[in-house]
Amino acid sequence: MTTLTQGRPAAGQASGPRRRAALRLLERADPVPVLLALAAVLPTVALLVLAAVMLTEAYPAIVFNGWSFLTGRTFTMGNLYGTATQVRHGFAAPAGARYGVLPFLVGTLLSSLLALAVALPVGVGAAVLLAERLPARVQAPLGVVLELLAGIPSVIFGLWGVYTFGPLLSRTVDPWVAAAGLPWLSGPVGSGQGLLTASLVLAVMVVPIIASITRELVRSVPALTKQGALALGLTGSESVRVVTMPFIRNGILAAGVLGLARALGETIAVLIISGNALNTYPHSIFAPFATMASTIAAILDGALTDSTGMALHSLAEVGLVLLGITLVTNLGGRLLAQRFAATGLPVGRGV
Amino acid sequence: MSGRRLRDWAFWGLCGLAMLGSAAPAVSVLVSVVHQAAPVLDWSLLTRRSNAGGIENAVLGTLWLLLGVLVLAGSIGIGAGVYLAELATGRVARVLRFGSEVLAGMPSIVIGYIGYVTMVVGLHWGYSYLAGVIALSVLVLPYIVKTTEVALRQVPSALREGAVGLGMAHRQVIWRILLPPAAPAVVSGVVVALAISTGELAPLLFTVGFTDSNPSLAPLHQQVPYLTSVTFTDLSLPGARAHATAAAAGAASLAILVLLILLGRALSRRSRLATAQMTL
């Protein structure tokens, strides 16, 4: 700042080389680039702060729970109304409290992978059709539909899943699937709240991410190669298989990984549709379940009443595991994309 | 020959089914939300507060939160994008860009949790406007940074070289040459970030709370009502009327969202036209 105030009058009075030197000084002391640099550092600082807070919050739980956190099959906050506590490694928790993440971990991975298995072929198929086959005047409105789909709030997907899509599934598709009597694909179908509905809704949320990335990838395929394939007499589908797909395969992989990361972190829609079953594995594809993200949202309120604070710390540990999985997935997707995909990938909630 | 033709038809048929499978849910969501909201859908909804079955306070609160995100995330994000595109070099730029992209992968409920622990409890802000705005801003910041950076990079390099060749200072190049044509794309990125903010609930659930009165202008210690919270809470209340109100609040956030998406599209079309005309 001092250089700035010194530099200003000099710039007005002097001329020639002195003036130029003063101008350069002014430019170097310009507060704008400093502010811009500050802004640019903020996302990284925010990331580090978030990670640090998460680690310190989870630390008591990490020590208290040890490995049983990852292998435990029950998550219960214990007796919150009594004064009895249990102490392990110097940290106290209410009597009877046990913190095991395994059912949530299984629920998270299962629902996200199911969602990806549905969303990947659907998203890629739609994008290939959109970019290779449909005329431009149809492309634009369908693009808007995809954009809208990406932007629909997850709470609205929850509303739709509970009152429209879930009941529809339980009336039409579910009984057929259950009637086949395959292991894990049978059993009571219920009202449509459970793993299958939640996974399909997650798939609907992931499709626009995969479709929009794939559409850009398909557009990046050199037109000359495609025309060459057609000139050789290949049909459209053969050209897609022989020319387009090999060109964009790795980009699609990256798109799938990014979509997976989105599904892993989804909270509210899953919370509403999953049936929110604590401490149980989904015994069939129709059974209620819970994910790590939905559990944090569901029991944070209750955890606040734990006077030892261990319930809150254990939820932080759940969050830390979730954070680790999503960040690794996301980074993997981005690294893949950087190495293979021709286009830049969107950041954010896939809009 | 006919076998190949058949396979071709089958392939495009499957792609058509996939397209239908992608587009149908969007239509179904819109139709079902409006259908469910129909019993309570009239203009008085916008003049009654949530304790009287309306959404006036929630609409105002959502717009108030969006304004905060626009100011906070908008200014920081655009600044960071300009810096990354034009001023940062080498390793520093790579590290900062990497940090921003990693932040983009942060699950929203984790941001909400941390907002609760650090701001609501740690700083004694209570459930408050500022805590919510900061949580939402952290969520959308990477998006604005990325779109700003990409927008600046898409300005043809001939323009940049020409400006430098004429002897313009670096900051003149940024302000006079690069930002004007990139502006619509930058703004459309901010608009999309606002659209994301409109629909988020997880970061707000434990940072801003809810209230039946209209939002106050106080940044701290005062809870703020917002639309997605109305949908979420009324959804699990008993009674058809509560469900209809939940859907109505959903319809209102969808309406804001559609407006924002259309605005963003109009802006990005303008920016494409502007960039297309800018060849030397």
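Below, each value reflects all heavy atoms present in this structure, side chains not excepted, and no hydrogens, waters or symmetry copies.
Side-chain contact between F232(B) and I272(A): present, with at least one pair of heavy atoms (C-beta onward) separated by less than 4.5 Å. When side chains are defined from C-beta on, L304(A) counts as touching Y116(B), because their heavy atoms get closer than 4.5 Å. Y113(B) has its side chain within reach of E57(A): a pair of non-hydrogen atoms, C-beta onward, lies under 4.5 Å apart. Inter-residue side-chain proximity for H35(B) and T164(A) is flagged as unmet; no heavy-atom pair is nearer than 4.5 Å. The shortest side-chain heavy-atom distance between V29(B) and L148(A) does not fall under the 4.5 Å cut-off.
Taking each heavy atom of V33(B) and I156(A) in turn, the nearest pair found is CG2-CG2, 3.7 Å. Between A293(A) and I109(B) the shortest heavy-atom distance is CB-CG2, 3.8 Å. Considering all non-hydrogen atoms of both residues, P25(B) and V204(A) come closest at CB-CG1, 3.6 Å. Across every non-hydrogen atom of Y163(A) and L235(B), the tightest pair is OH-O, 3.0 Å. The minimum heavy-atom distance between A126(A) and A18(B), with the atom names listed, is N-CB, 3.7 Å. Contact detail for V122(A) and S22(B): the closest heavy-atom pair is CG1-OG, 3.5 Å.
With a 4.5 Å cut-off on non-hydrogen atoms, T228(B) touches chain A through its backbone and its side chain both. Heavy atoms of T147(B) lying under 4.5 Å from chain A are absent altogether. Interface remark: L271(A) contributes side-chain atoms only to the contact with chain B (heavy atom separation under 4.5 Å). At a 4.5 Å heavy-atom cutoff, the contact between L141(B) and chain A is made by side-chain atoms alone. For Q36(B), the part lying under 4.5 angstrom from a heavy atom of chain A is the side chain only. Heavy atoms closer than 4.5 Å to chain A are found nowhere in A10(B), neither backbone nor side chain. For V102(B), the parts sitting under 4.5 Å from any heavy atom of chain A are the backbone and the side chain alike. Using a 4.5 Å cut-off between heavy atoms, A297(A) touches chain B through backbone and side chain atoms alike. Residue contact with chain A, scored on non-hydrogen atoms closer than 4.5 Å, is absent for L262(B). Proximity to chain B involves both the backbone and the side chain of I152(A), based on heavy atoms less than 4.5 angstrom apart. For V140(B), no part sits under 4.5 Å from any heavy atom of chain A, backbone or side chain.
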Donor-acceptor contacts, no H, no angles, side chain residues 251-259 of chain B, under 3.5 Å, sequence neighbours left out:
residue : atom : partner : partner atom : Å
S253(B) : OG   : A249(B) : O            : 3.3
S253(B) : OG   : G250(B) : O            : 2.9

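Annotation: salt bridge (Lys or Arg N to Asp or Glu O under 4.0 Å) contacts of E132(A) (sequence neighbours excluded): K226(A).
Listed for the Y83(B) side chain is no donor-acceptor partner under 3.5 Å among the backbone atoms of L38(A).
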